[in-house]
Chemist: 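Here's a structure for you.
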Amino acid sequence: MRRQTVTLLGIFAALSVRANEGMWLPFLLENNIGEMTEMGLHLTADDIYNINQSCLSSAVVGFVDLDMPFHHFCSGSVISAHGLVITNHHCGLNVVQQHSSLQNDYITNGFWAMNQADELGGNNIGVCFLRRMEDVTAQVLDGVNDTMTSSLRSNLITKNITNIEQTASANSTLKAHVDAFYCGNEYYLSVYEIFEDIRLVGTPPISIGKFGGDTDNWVWPRHTGDFTIFRIYADSLNRPAPYSADNIPYQASNHLKINAKQKQEDDFVMLMGYPGTTNEYLPSFAVEATQNTFDPLVVGIRSKSIDIIKERMRSDQSVMIKYTSKVASLANAWKKLDGERRGLAKKHVVSKKRERERLMTTWIEESDERKKLYSNLLDDYEADYIEYVNQNQAWLLMSETLYKSEAITVCRKIRTLINDKMEDSLRRTRIINYLNDFYTDYDPETDISVSKMLINEYMANALPEHVPATLKKGNGVTSFAHACRNSMFTNPAMAIAFFEKHSVINEKKLLKDPLYKLASETDDIYHDKISKQISQIQRKNNQHQRLFMQLQRECFASSQLFPDANSTFRIAYGQIKGYHPTDAISYAPFTTLGGIIEKCHMDVYDYTAPDHLIKLYADRNFGPYSNADSSLTVCFLSTCHTTGGNSGSPVFDTDGNLIGLNFDRVWEGTMSDLQFDADICRNISLDIRFVLFFIDKYAGASHLIDEMEIIY
Ligand code: ARG
Ligand code: ASP
């Protein structure tokens, strides 16, 4: 009796910090609606999600690349009856870049279509609407039993999923996808309508859309005007259709109303969208490996690359242009993982997880049935995990060093094209196009300095059997330098001329090129000695994790555990709130335009604002978007649980009106992908009033404002 009391108290203590944690499913929202109502929400679960397209979620979209229609790289929302969609600037930047040239530099100057004819189409992105979602676990697991091998199990599941997806999308323009939830314990079907003709309508200059650049990325206080507007086009029957001049603006079944009033700290907020991946239910030893091994490995190597590239960028303007976006993508994950490992350590996540595991062990001991299922689980999992740590370290080391050398990467890409089945002339065109693209942003001097450092790192840390033959000669770097000097791939004109001259490309000839040879040796090591081993151990891990997830759900049955993010539709909620990043420092939850101007007075490359904006500030010309104290809000913080993919997610007030766009998290709280901590995990949103001000007063695109339904 006493032991049980202790156990329950312990479980309660372990879980009581969970306020605002979670990314919830729209069709299971009945479980949350009580808490949401208590926190201030005025809507019912049915107002938020139902299958009749009249609900709030029917105005929320996922952004996809057309060749990966179920991987949502960002989120967004419909804000007019004629298909206007708003998302983040960083989500639309590729499209803006495609339409930009030296003459029409939309990246630098921004772009505003003053009528529909000027909206820019032909983009390779789509937006998807969730039309329904349901639990199909029973059908997916039909025929599966505990005694079958893991490969039989997975084949049967794949077959069942294919059947379900085909049935759900038969005779319609809808697309169906089944995803695994709770680490493979449950399966839910999502049915989407995907529109393929998405046109660029408006975007601010990058100095505003990415104000603060890498300096402010993942950081509060933040002043980034991170928004871009698109319009969905459909065929004459309002159905999805590929890009065509005949298409017309989509007549949306539902669009969001916009609340342009001032918000306050503690206001309830809710957001929806497509969070990509989280791992909230890993065991202590997996978090420990992430914090002490995997994250430091990536962070350590990337810091060195970033330093070298930035140094080159500072000394040469052409390198600045070529490497801005490359260094941004290296730096985005680098900074996030550095924040993650520090947050995990500071919040003692490993010991908290150990404490939870101790509670689970006690719980298991309480019944024979539990013992039968779980008594060896954690020990077996941990034993296998040691092997996984070794394999994954080898993989991370290769992917962060040899695979980050552009000289090696270009050869690997050519090798893939050579080994893909296709007609010779098509192959040649693809290779030449690829090389032209690649060399536009390539600076051999920068790449070779970075690569030398990367190769040193690899040689110092890799197992001898993972070292390519070419690098075994000399000390690695000397052989690499020799290969670079004697390869055509470090010389754009020579490489392109080679493929122009040879209509049939025979790999034997290419293998004489020393860089190509190094790339193919590297690839072979990856395939023969790393990738197979890692997928084998991953399969075991997945089995353990599935059972471990089931254990956590049974042991902590009184608290509702949300499933990890997996690029399906989710709802998160919380409040507008500041935080204390460190001792004696406290952050307020709102930033203002005055802060942009202050930052511009600092001597930091990432802080510049267009003159027109500075003038609007000087005149305090904020129109109806001004705060009571005549300031203009730019960004705000809230306690919603978000991750990559949630960028562009609409943020709602208590009545379901749009008040902001999610675009980032704070650095101290990026650990939320592994463990949400209510003290320091905050998501950062752009205030919708800044968006309206910018469109209206800066861009003068009042025809767009007229299309929207705004509550002043
Ligand atoms: N950190 C944000 C996210 O992961 C925003 C990235 C874009 N902004 C930037 N300065 N790189 O994707
Ligand atoms: N910036 C991220 C995105 O692009 C959001 C996040 O990781 O918080 O989706």
Side-chain angles (χ1 to χ4, degrees), residues 20-21 23 60-65 71-77 87-94 96-97 107 125 203-220 222-228 271-279 302 306 309-310 323-340 343 564-570 572 574 599 604-608 635-651 660-674 676 680-686:
N20 301 317
E21 176 177 12
M23 305 168 171
V60 179
V61 299
F63 275 79
V64 295
D65 283 325
H71 170 84
H72 308 95
F73 66 82
C74 274
S75 309
S77 58
T87 184
N88 288 149
H89 179 271
H90 76 267
C91 298
L93 190 55
N94 273 341
V96 179
Q97 187 162 18
I107 299 186
I125 56 165
T203 191
I206 193 164
S207 56
I208 289 306
K210 201 183 166 182
F211 182 86
D214 288 334
T215 309
D216 280 5
N217 192 21
W218 301 111
V219 164
W220 187 259
R222 188 65 158 274
H223 298 87
T224 310
D226 200 342
F227 81 99
T228 286
L271 68 77
M272 300 185 203
Y274 289 89
T277 309
T278 58
N279 289 292
R302 286 195 182 201
I306 294 166
I309 301 174
K310 289 210 163 159
Y323 281 74
T324 298
S325 99
K326 291 184 201 175
V327 86
S329 98
L330 273 181
N332 195 38
W334 160 77
K335 204 165 178 182
K336 190 218 139 181
L337 296 179
D338 197 29
E340 178 175 280
D564 268 318
N566 57 357
S567 207
T568 58
F569 193 100
R570 300 300 175 93
K599 279 182 174 170
V604 174
Y605 167 79
D606 286 317
Y607 299 153
T608 47
C635 296
F636 64 88
L637 287 178
S638 56
T639 59
C640 297
H641 193 178
T642 55
T643 188
N646 266 127
S647 275
S649 280
V651 184
L661 311 180
N662 177 74
F663 69 95
D664 210 2
R665 280 170 285 162
V666 302
W667 193 62
E668 297 80 3
T670 54
M671 58 183 274
S672 66
D673 286 349
L674 295 167
F676 185 89
I680 52 168
C681 292
R682 296 288 179 274
N683 66 306
I684 306 178
S685 302
L686 173 63

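In listed order, ligands and their atoms are each counted from 1. Predicted model, so just to flag it, every value in this text is computed and none were measured.
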Chemist: Can you tell me the protein heavy atom closest to atom 12 (O) of ligand 1 and the distance?
Modeler: N332 ND2, 3.5 Å

Chemist: Does one side chain, of N332 or W218, offer a donor that lies under 3.5 Å from an acceptor on the other?
Modeler: yes

Chemist: Ignoring angles and geometry beyond distance, decide whether K210 reaches within less than 3.5 Å of ligand 1 through its nitrogen or oxygen atoms.
Modeler: no

Chemist: Run T278 and D564 through side chain to side chain donor-acceptor pair (under 3.5 Å) and show every step you take.
Modeler: CA-CA 5 Å; T278 58; D564 268 318; 2.7 Å; yes

Chemist: Does ligand 1 come near enough to S647 that some N or O of the ligand is less than 3.5 Å from an N or O of the residue?
Modeler: no

Chemist: I need the single residue from L661, T203, N88 that forms a side-chain contact (heavy atoms from CB on, under 4.5 Å) with T228. Which is it?
Modeler: T203

Chemist: Considering heavy atoms of the protein only, find what lies nearest to atom 2 (C) of ligand 1 and give residue, atom and distance to 0.1 Å.
Modeler: D664 OD1, 3.1 Å

Chemist: Do any N/O atoms on F663 end up under 3.5 angstrom from N/O atoms on ligand 1?
Modeler: no

Chemist: Between H223 and D216, do the side chains contain a donor N or O and an acceptor N or O under 3.5 Å apart?
Modeler: no

Chemist: Nearest protein heavy-atom contact for atom 1 (N) of ligand 1: which residue, which atom, what distance?
Modeler: N217 OD1, 2.7 Å

Chemist: For the atom pair OG1 (T643) and CG (N683), what is the distance rounded to the nearest 0.5 Å?
Modeler: 11.5 Å

Chemist: Considering only the protein, which heavy-atom contact is closest to atom 7 (C) of ligand 1, and what is its distance?
Modeler: H90 CG, 3.7 Å

Chemist: If you measure from CZ on R665 to CE on M671, what distance do you get to the nearest 0.5 Å?
Modeler: 11.0 Å

Chemist: Of all the heavy-atom pairs spanning V327 and I306, show the shortest one and how long it is.
Modeler: CG2-CG2, 4.2 Å

Chemist: Find the distance between CG (D214) and CG (D606) and round it off to the nearest 0.5 Å.
Modeler: 6.0 Å

Chemist: Could you check F63 against S647 for side chain to side chain contact (heavy atoms under 4.5 Å, CB included), going step by step and ending with a plain yes or no?
Modeler: CA-CA 10 Å; F63 275 79; S647 275; over 6 Å; no

Chemist: Can you see which heavy atom on N662 is nearest to which on V651, and at what distance?
Modeler: N-CG2, 3.7 Å

Chemist: I need the atoms of ligand 1 closer than 4.0 Å to a non-hydrogen atom of G213, numbered in the order shown.
Modeler: 10 (N)

Chemist: Would you please write out the protein residues whose heavy atoms approach any atom of ligand 2 to under 4.0 angstrom, listed by chain and number?
Modeler: H90, W218, T643, G644, G645, N646, S647, F663, D664, R665

Chemist: Please identify which atoms of ligand 1 are closer than 4.0 Å to at least one heavy atom of D214.
Modeler: 10 (N), 11 (N)

